[in-house]
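One structure is given below, encoded as structure tokens.
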Amino acid sequence: MRKALYVGTLLGAALLNAACTESSNSPASSTFTPRPTYENREPEGLTSRLTGFTVDPEAYFINLANCAPPPARCALPPLYAEFSPLLQRAVVRNALVTLQDTVPDPATGRPPDPPPPTVSNAAGLWTLDKVPTRRGPPFFVLSVPGAPGQAQLANDVQGPFPLPPVPEGNYVTTLTIRPVVPAHSACVGLEALQVSDKGILEAVAKYLTATGGAPVTVADLLNPARFGGITVFWLYQPGFPVFRVPAANTTVEATSGRVLNIEWAPVGALPPALAAFQSTRGFFIPPTPPGGTPAPNSSLGLVAIVHPPLMGPPGVVRYTAKDATTSAAENRPWSLMPLDLPQIPGLVTFAGLQMAPAVPSATPSLPPPSTCVPGQ
């Protein structure tokens, strides 16, 4: 774990990238009436209380897909909302959640080891008390695996109509790309994403096995000797902050690594040639026809980038989301600011991000301080 999280400082620098400067145009102090000098300091020892929920993004999508297969529309709103069975059946109980700091220890020059994890409850909720209150460098939510079978998907939650159970698996170490700056007494609604070994990762392993010659397992993807880590992007359509509908016909370009666009189909619906590439949960990467080119986009906005083993210090990779559709009616093409992230072996780096519309709203909404995002 220490090896995998060695680049925490790079994460903070890449995502925060902000500094405060003083104005050089301030008037000089009066020589007649001395002006008071103000020093803005927060008391030492303040702490923040962080709360959030564990969610299996693959399970949420499968619940949404099974709610009403296309072209029908699900009667439930596609939201990460506590009242929705789509989310209630996608939370993970007894999951271990902690924080990765990005401030290096002066003694070692490396970020400190994460504190002991907390455990999510039966509703998938978790709390971390006494996180140091600060502005500036962020923390990142880190999900770590427990004993085999400890973390359980909430398949038994009842809804207004039956949904088939999502195949369960073991969850792997997952770093959620969402900086948390605990400058408020309480930070709420934080996602602790849980990535299973039966979904996206299994599809990547099957594809690499079929196209590379050497067998690849999910464990191999997380083995720094074989791969330099895996980064997963799931791009969502613009909308409310909790709106979660896949952004069709999009992809991600990366300055390093192998980009794989991922699809999904109900298990048993694919022809045998494609079924061989499909994971237990239905995800697959279509093989490239002889003489052809790989699929340029994903109908789900779901992209995995597989990194080669590190040959030296970890490098920073720039990721750029691309929308292949231009439509005034849909306010497309959608976009995202380029994102610079370090290559981290030994875990999954997961970025579930909402894209921005081509023409932004004239009345942007400001997040409340309790969201604890950078720059507040």
Side-chain angles (χ1 to χ4, degrees), residues 55-67 69-70 74 78 86 89-90 92 143 151 153 155 163-174 176 193-212 215-222 227 229-237 244-252 254 257-288 294-307 321 347-353:
V55 60
D56 181 333
E58 298 174 354
Y60 170 83
F61 167 76
I62 294 171
N63 289 334
L64 181 62
N66 286 328
C67 175
C74 180
L86 299 178
R89 291 172 59 90
V92 182
S143 301
L153 183 64
N155 267 323
L163 289 171
V166 176
E168 297 191 43
N170 293 312
Y171 293 100
V172 304
T173 306
T174 306
T176 301
L193 298 178
Q194 312 289 315
V195 175
S196 164
D197 60 358
K198 299 300 182 185
I200 296 166
L201 298 184
E202 185 184 2
V204 170
K206 285 192 171 187
Y207 180 82
L208 296 179
T209 297
T211 60
V216 177
T217 66
V218 172
D220 292 330
L221 294 174
L222 305 177
F227 295 94
I230 181 168
T231 304
V232 176
F233 279 82
W234 206 326
L235 304 177
Y236 299 108
Q237 297 180 18
R244 293 293 185 274
V245 174
N249 207 28
T250 59
T251 190
V252 173
R258 185 177 180 182
V259 176
L260 303 172
N261 292 300
I262 301 173
E263 302 293 342
W264 181 87
V267 175
L270 294 176
L274 282 178
F277 290 81
Q278 195 172 29
S279 70
T280 304
R281 288 184 164 186
F283 297 92
F284 67 99
I285 301 167
T288 304
N297 301 290
S298 166
S299 67
L300 303 177
L302 181 55
V303 185
I305 299 90
V306 181
H307 302 287
L347 52 74
V348 176
T349 303
F350 196 104
L353 304 173

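Both backbone and side-chain heavy atoms feed into the values below; hydrogens, waters and symmetry mates do not.
How far CD of Gln278 is from CG of Leu270: 4.5 Å, rounded to the nearest 0.5 Å. One distance of note links OG1 of Thr217 with CG of Leu222; it measures 8.5 Å at 0.5 Å rounding. Separation of atoms CG (Leu163) and CG (Leu86) is listed at 7.0 Å; rounding is to 0.5 Å. With rounding to the nearest 0.5 Å, the separation of OG1 in Thr209 from CZ in Phe277 is 10.0 Å. For the atom pair CG of Asn63 and CG of Leu153, the computed distance is 7.5 Å after rounding to the nearest 0.5 Å. For the atom pair Ile262 CD1 and Thr251 OG1, the distance stands at 10.0 Å (nearest 0.5 Å).
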Inset, instruction - Apply side chain to side chain contact (heavy atoms under 4.5 Å, CB included) to the pair Val259 and Val303, showing each step before the final yes or no. - result: CA-CA 7 Å; Val259 176; Val303 185; 3.5 Å; yes
Inset, instruction - Please lay out, stage by stage, how Leu353 and Phe233 fare under the test side chain to side chain contact (heavy atoms under 4.5 Å, CB included). - result: CA-CA 7 Å; Leu353 304 173; Phe233 279 82; 4.1 Å; yes
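Closest of all the heavy-atom pairs between Leu201 and Leu221 is O-CD1, 3.6 Å. Across Arg258 and Tyr207, no two heavy atoms sit closer than the pair NH2-CE2, 3.6 Å. Between Ile230 and Val306, the closest heavy-atom pair is CD1-CG2, 4.2 Å. Residue Arg244 comes nearest to Tyr60 through the heavy atom pair O-OH, 3.3 Å, listed as atom of the first residue, atom of the second, then distance. Taking all atoms of both residues into account, the shortest heavy-atom contact from Gly169 to Asp197 is CA-OD1, 3.6 Å. Listed here is the closest heavy atom pair of Pro246 and Gln237: O-NE2, 3.3 Å.
The ring-ring contact (aromatic ring centres under 6.0 Å, His included) search around Tyr171 returns none, not counting sequence neighbours.
Using a 30° and 60° split on the angle between ring planes, Trp234 and Phe283 fall in the perpendicular class, above 60°.
In terms of modelled atom types and a separation under 3.5 Å, the side chain of Glu263 and the main chain of Pro286 share no donor-acceptor contact. Between the Lys206 side chain and the Ser279 main chain, no donor and acceptor come within less than 3.5 Å of each other. The backbone N or O of Val166 sits nowhere less than 3.5 Å from a side-chain atom of Arg281 that would complete a donor-acceptor pair. Side chain of Ser143 to backbone of Gln194: no donor-acceptor contact under 3.5 angstrom is found. In this structure, Asn261 contributes its side chain and Ala295 its backbone to a donor-acceptor pair below 3.5 Å.
Using a 4.5 Å cut-off on side-chain heavy atoms (C-beta onward), Leu208 and Phe227 make contact. Looking at heavy atoms from C-beta onward, Asn66 lies out of side-chain contact with Cys74 at the 4.5 angstrom threshold.
Side-chain contact, Glu58 with Ser196: no donor N or O sits under 3.5 Å from an acceptor N or O.
None of Thr250, Leu235, Val232, Ile285 except one satisfies the side-chain contact (heavy atoms from CB on, under 4.5 Å) rule with Leu302; the exception is Val232.
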